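What follows is a set of notes on a single structure, which appears directly below.
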Amino acid sequence: MMNKDITIIYMGTPEFAVPPLLELCDRGYQVKLVVTQPDKARDRGKKIQFPPVKQAALQHGIEVLQPDRIKNNEEFMQRIREIRPDLIVVAAYGKLLPTELLEIPPLGCINIHASLLPKYRGAAPIHRSIINGEETTGITLMYMAEGLDTGDMIAWRSTAVDRKTMTELHDELSEMGAELLAETLPAIITGTADRIKQDDSKANYAPMIFKKDGLIDFHKTPEEIDQLVRGLNSWPAAYTMYRGEPMKVWEAEALSEETNESPGTVVEVSDKGIKVAAGGRLLRLTKIQMPGKKAMQVSEYLKGNKIEQGEVLG
RNA sequence: CGCGGGGUGGAGCAGCUGGUAGCUCGUUGGGCUCAUAACCCAAAGGUCCAAGGUUCAAAUCCUUGCCCCGCAA
């Protein structure tokens, strides 16, 4: 069977879901329909913005559907059935799919998830993996089931977290997901793909990230804060309060030096960064951003601003 | 029409109750020093986002536009 004989419906919303969609198009699969979340008025100026996946779909001339809800949406279900998809591929769509939908395609519904399942099921696997200090993470391809990321696994691939930021890891995993999908699809189509049950006893969840999750707690260790900084890079960013205003911290490094200063106290300020007491040791903030300003290295910030030793953050 | 901050020499900022632009850093040259990312001296470098307007005179006031950013969603 040729790729062009396979009809696929693709469901996804954010940037993460774009590479896999493009990969499917490149490989010649018939992506007949893209389902994505409704447009939303967001950002400055409250402008209506298309989800990234919608933009990509439109550029490829693919029909796009943006139902407010899928459950009990007969019109939507009808359209899906009309297309008679062989397969539905889902990547960060944003909502749980009803069983009724999962049962439509004969080859099944497969999902690309950004973690090594059964760990980090849920909305923010990449963020949480970094925040929790995981050494490795990865991509898992699975057959979708009723629960939240509980389906049988087909294939996975791992990568080291190292000191990558959320943005870097996100981009890497996104591409990795596209590759893994492309490589695994032939087996899925011929029905020879693996089907491995998840060990639920080892499962944990990666709940959605909220803005307030970015507030730095200087009682934590420098390492934990560094993980928070990297894990929330791009959005919403780790931050602390300085002179009554939020200071975003874009880069920081944990130092081994110990201190008796209370958490959040600025111990030393130099071009190399701002040393802050955290959990009995020191954390050096090296790249920060104040409201209305661009993110900048501390050395640059100090050329026009003063931060005094002894001031307290948080 | 969601709220708000800002666009000034390479960088970060001040000046903005109007009168030809200043600070810190950087750059270049020189000096000091065993030496230095330290210190001293000197120099270069700015259509003050753009276009109008008010005025004897605008970076400073008014209008419009463009761009950057924070909040809220």
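Order of the sequence lines fixes the chain letters, A, B, ..., with proteins taken first and strands second; residue numbering starts at 1 for each chain. All values below come from the heavy atoms of this structure, side chains included, with hydrogens, waters and symmetry mates left out. This one's a predicted model, so the numbers in the text were calculated from it and none came from an experiment.
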Let me know the distance between [atom1] of [X] and [atom2] of [N], rounded to the nearest Å.
| X | N | atom1 | atom2 | value |
| --- | --- | --- | --- | --- |
| A:Ile48 | B:rA73 | CD1 | P | 17 Å |
| A:Glu300 | B:rC23 | CD | P | 20 Å |
| A:Leu302 | B:rA37 | CG | C1' | 16 Å |
| A:Ile288 | B:rG12 | CD1 | C1' | 11 Å |
| A:Asn305 | B:rG6 | CG | C1' | 13 Å |
| A:Gln297 | B:rG10 | CD | P | 20 Å |
| A:Tyr301 | B:rC23 | OH | P | 21 Å |
| A:Lys293 | B:rG70 | NZ | P | 12 Å |

Contact summary for A:Pro51 and A:Asp39, nearest pair of heavy atoms: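 Answer, listing the atom of A:Pro51 first, then A:Asp39: CD-OD1, 3.3 Å.
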
Nearest heavy-atom neighbours spanning A:Tyr239 and A:Lys211: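 Taking A:Tyr239 first and A:Lys211 second, the nearest heavy atoms are CE2-O, 3.6 Å.
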
Salt-bridge contact A:Glu74-A:Arg81 (side-chain N to carboxylate O under 4.0 Å):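 Salt bridge: yes.
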
Salt-bridge contact A:Glu300-A:Lys294 (side-chain N to carboxylate O under 4.0 Å):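 No.
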
Hey, does [X] reach any base, or is it just sugar-phosphate, or nothing, if we go heavy atoms under 4.0 Å?
| X | result |
| --- | --- |
| A:Met290 | nothing |
| A:Lys248 | sugar-phosphate |
| A:Lys46 | base |
| A:Asp271 | nothing |

Residue closer to the 5' end of RNA chain B, A:Asp43 versus A:Lys303 (nearest nucleotide):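 Comparing both residues, the 5'-ward one is A:Lys303.
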
Pairwise 5' ranking along RNA chain B for A:Trp235 and A:Pro291, keeping only the more 5' one: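 Final value for this comparison: A:Pro291.
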
From A:Gln37, A:Gln66, A:Gln49, residue fulfilling side-chain contact (heavy atoms from CB on, under 4.5 Å) relative to A:Lys54: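 Single pass found, and it is A:Gln66.
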
How far, in whole Å, is [M] from [N] if one measures between their [atom1] atoms?
| N | M | atom1 | value |
| --- | --- | --- | --- |
| B:rC62 | B:rC3 | C1' | 23 Å |
| B:rG7 | B:rG65 | C1' | 14 Å |
| B:rA51 | B:rC56 | C1' | 23 Å |
| B:rC48 | B:rG6 | C1' | 14 Å |
| B:rA44 | B:rG9 | C1' | 10 Å |
| B:rG45 | B:rU28 | C1' | 10 Å |
| B:rG31 | B:rA38 | C1' | 14 Å |
| B:rC61 | B:rG18 | P | 9 Å |

Within 6.0 angstrom of A:Lys95 NZ, more than 12 heavy atoms from elsewhere: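 Result for NZ/A:Lys95: enclosed.
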
Does [N] have OP1 or OP2 under 4.0 Å away from a side-chain N or O of [X]?
| X | N | answer |
| --- | --- | --- |
| A:Lys294 | B:rG7 | no |
| A:Lys211 | B:rC71 | yes |
| A:Gln289 | B:rC69 | no |
| A:Lys306 | B:rC23 | no |

Stepwise side-chain hydrogen bond (donor to acceptor under 3.5 Å, both in side chains) test for A:Lys164 and A:Thr159: CA-CA 11 Å; A:Lys164 291 168 192 164; A:Thr159 184; 3.3 Å; yes

Donor-acceptor pair under 3.5 Å, A:Arg44 side chain vs B:rG70 base: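 Flag set: donor-acceptor pair detected.
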
